[in-house]
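Shown next, in structure tokens, is the structure this report addresses.
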Amino acid sequence: MAAVQAYARHLRHVVTENPVTGAAFALFLLLVLTAILGPALVPFDPLQSDASRTLHPPSARHWFGTDQLGRDVFSRVVVATRLDMTIAFASVLLVFVTGTLTGVAAGHFGGWVDRLTGRIADTIMAFPLFVLAMGIVAALGNSIGNIVLATAVVNFPLYVRVARAEANVRRDAGFVEAARVSGNSEARVVLFHILPNTLPIMMVQVSLTLGYAILNAAGLSFIGLGVRPPTPEWGIMVADGANYIQSGEWWVALFPGLALMLAVFCFNLLGDGLRDLIDPRRRT
Amino acid sequence: MTAPPLLAVGDLSVTFRTRAGPVKALERVSFAVDKGETIAIVGESGSGKSVTAQAIMGILDPAGRVEAGRVYFAGLDLLRASASELADMRGREFAMIFQNPRGALNPIRTVGDQIADVLARHEHLKGAAARDRAMEMLALVKITDPRRRLDAYPFELSGGMCQRVMIALALACRPALLIADEPTTGLDVTTQAAIMDLIGELGRSRGMATVLITHDLGLAAEHCGRIVVMHAGHVVEDAPAAQLFAAPRHPYTAKLLAATPRPGRHLEDLEAIPGGLPDLRRADLPGCRFLERCDRAGEPCRAPALDAIVTPSPDGERRVLCVRPLMGLAA
Amino acid sequence: MLAMIGRRLAAALPSIAGVVVVTFLLTRLLPGDPAAYFAGPAATPQAIEEIRQRLGLDQSVPAQFLTYLGDLARGEFGLSLTTGLPVMQELVTRLPASLELTLAGLLFAVAVAVPLGILAAVRAGSWIDHATRIVATAGVSLPTFFTGLLLVHVFYSVLQVAPAPMGRLDIFSSTPPPVTGLYVLDALLAGDGETALAALAQLALPALTLGIFALAPLARMTRAAMLAALGSEFVRAARASGLSRGRIVWVYAFRNAMLPVLTTLGMVFSFLLGANVLVEKVFAWPGIGSYAIEALIVSDYAPVQGFVLTMALLYVLLNLAIDILYGIVDPRVKVES
């Protein structure tokens, strides 16, 4: 209970310290709520087409207008939140777990483990990241699961490097030595003494890469990978809307694009705020 | 009637704005340096020695502001001079060398070019003429093979060598005053002696006044005729070196002397100075900032502001910022 | 100098090897039967078998890798199923378009971000500093494809000042005689100002789109590096010796600040080359990115593989160029072993 209170106090401090971070945090909560409750709130079925109402501009009835099949853009944008957020969170969770564990192991044990992971990370970094993600999805098959995997893979080196550095400086720290001397096995030392200490920095990494994960996934679906129509997803909706931009029906692409931008902006601001707080040295 | 001093600092107050509130880094700092004279400013780190130097040079960090005071150099008030007047004088009339010589040199510019930059700025020397002068300067600071060293980068030189380059750079335009901010900290002992000898020798031969900023009383005693003791942004005592060592007036000076190793004194006799510097952000700082560390403190010491007590002496006046100064007792 | 370049080149070899291995592995990872995949969705069993043999998929994996290496050495990237043309040929004809776009985007980003970052650092805490911070964060948050569409809508549909987003040249202009493959440059070399202008007009929006995305990391890094340099001891010392403000900012602070910015360029290129694909799609730009997208949609794998490999090699080369540039700017690099 006391821990929960302390956590809440800390959170309040984070939010009030910097109003921009506070606003970003509020936006984040809104996004999460939309992702959870969205489908229950929207006025129209996001998949319901209506041939009599195609490409209507925004109105009181259709706030964001309708698309080429007469579907309500507002409902589709809201419902898409869940899928976009799920892809982003799933890929970041995946790379957070694998990248942190690998990085901590590399930093702690050194030797061939370190050389091997370093080699893998370098090889991934030798590709322009989005291009590698394209190649992976193309090779493994066009599915949402593979989009998640590809996004995780291209972020892998970042996590490994940060976790490795964090583990490396703590390898011979006093508290680690103390844990070792008091009879803990090396695996226990790593899991219960070193790993937890790397978590604050890794959380900063998480919030910094969430924005990129959304962009990456939306980019892939924009070029026709991953999510398939008619599933509502921001990237693919922008791709649909792209066909109508030149003829002036801007709303089909604008609103999902804005939603995407807002989500990424929110994560980036949140990441910056969190970094300033946890790791002020790296402030730029 | 004596000639006016070369540098006269009067009631100089500097405040730094920080996130945690204003820091009163200097308060009513006063001292003077005569032409050709060598003085030392001593004190613990955080006492305001370097801030004093930077305020005189006009190179304070943007967060620092001179709140009040005067800095007269050769009769001109530097604090009221325009930015361009000041820039014309810096490096030409008065120059400065720094604590970390390697950091004070541009890492990706040859030392020759860096000296030439100063010569181009103040003496309008260009090309070969500037290069020749730069080489003369390197020779003057006893760098061997100066022609080859002109094209060296700071990372290719040792710390002592970098400090020689700094000195060459500072003295290139024959300034009348050199401020040396901990010039030998971070150098090994033999190099320290060589650098101090170099500064002393060049100062004497060129009639240049020197302000040596140091935390090392021994070093100050060896090289300087007059010593200004600073504590927490105050000048607590200002006296001819011999008198200061023989009979310190301020309790802090006495403690500082007792904490300084000297030949013939056993290590166990050295005293630590109790407590630390007061928090300079406090709004209720007493007039005596040594109050809380002082074993002589009494009710009169709690006055909100103090004035220095000035006493004449054969070698120049003595000043002490204390209500209950020590009188005539050797440390 | 040459020795330094040689060393850097040698240091890039493992990256190149890694890239080749990964692109090979990507073909091996194809779900199901790669031969069926390469043959395309409509192929008969005989056709698949034929392709299996032609691709050497009936051999062992190491043997296949050797064949793959041999093909690469001969510049053999396979055939595209849809066009029937060699992938290599197509990539070579389309690469200049992608390069022109990427370079123009980089040029724009550097031209805007570096002065902005310097200004933000020199006037730290001023409105321009805050504006830079917001612009920079907004810049990375914009999905490139969305920025592109927005620009098309505003400048083509509404204001009607930009040409239709349809490739590198409008239909009224003729392709300039190829020298560099970059239309703007080639037209200028040929003395054809009108075509140069037309090509530039086509290039403006896509380059702007790319540039906006690359702006953020560059501006941020420039600001941070300038702040660090301006706060450094050697700038203080330069001020103490009375050097002019211009000389301090440009010769002392700026040149030192460029070192970390150069390092950031590597990441910026990763951004640029990736975003390039999306921008090419939005503006129907006939580069290697749009080639890969067209192939992806019809599951034509050889072009995608060729594209990934080309992009990766390009990226390795660009990083090499950055390394060499760094070595020229920073004298300290030369003495490192």
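- Using a distance-only test at 3.5 Å, with no hydrogens or angles considered, a donor-acceptor pair links the side chain of B:H122 to the main chain of C:S241.
- For chain C, the nearby parts of B:I59 are the backbone and the side chain; heavy atoms of each come within less than 4.5 Å.
- At a heavy-atom cut-off of under 4.5 Å, chain B is reached by C:R247, C:V251, C:Y252, C:R255, C:N256, C:L259 from residues 245-263 of chain C, listed in order of number.
- Pairing each heavy atom of B:M96 with each of C:A240, the nearest pair is CB-CB, 4.2 Å.
- The candidate from B:A87, B:G91, B:G103 with the greatest count of non-hydrogen atom pairs under 4.5 Å with chain C is B:G103.
- Using a 4.5 Å cut-off between non-hydrogen atoms, the part of residues 113-120 of chain B that approaches chain C consists of B:Q114, B:D117, B:V118.
- Counting heavy atoms from C-beta on, the side chains of B:F155 and C:P331 come closer than 4.5 Å.
- Between B:D61 and C:R236 the shortest side-chain heavy-atom distance falls below 4.5 Å.
- Listed in order of number, the residues of residues 265-273 of chain C that approach chain B to under 4.5 Å between heavy atoms amount to none.
- The contact between B:P107 and chain C is made by backbone and side chain atoms together, counting heavy-atom distances below 4.5 Å.
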Distance-only check: which donor-acceptor pairs under 3.5 Å involve side-chain atoms of residues 159-171 of chain B, not counting sequence neighbours?
unit_1, atom_1, unit_2, atom_2, d
B:Q163, NE2, B:F98, O, 2.8
B:Q163, NE2, B:P183, O, 2.8
B:R164, NH1, B:V141, O, 3.0

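- Note: B:R121 CZ to C:S244 OG = 6.5 Å, rounded to the nearest 0.5 Å.
- Heavy-atom neighbours of B:R206 CZ from other residues, nucleotides or ligands within 6.0 Å: above the threshold of 12.
- The shortest distance between side-chain heavy atoms of C:F234 and B:L105 does not fall below 4.5 Å.
- Heavy atoms closer than 4.5 Å to chain C are found in the backbone of B:L60, but not in its side chain.
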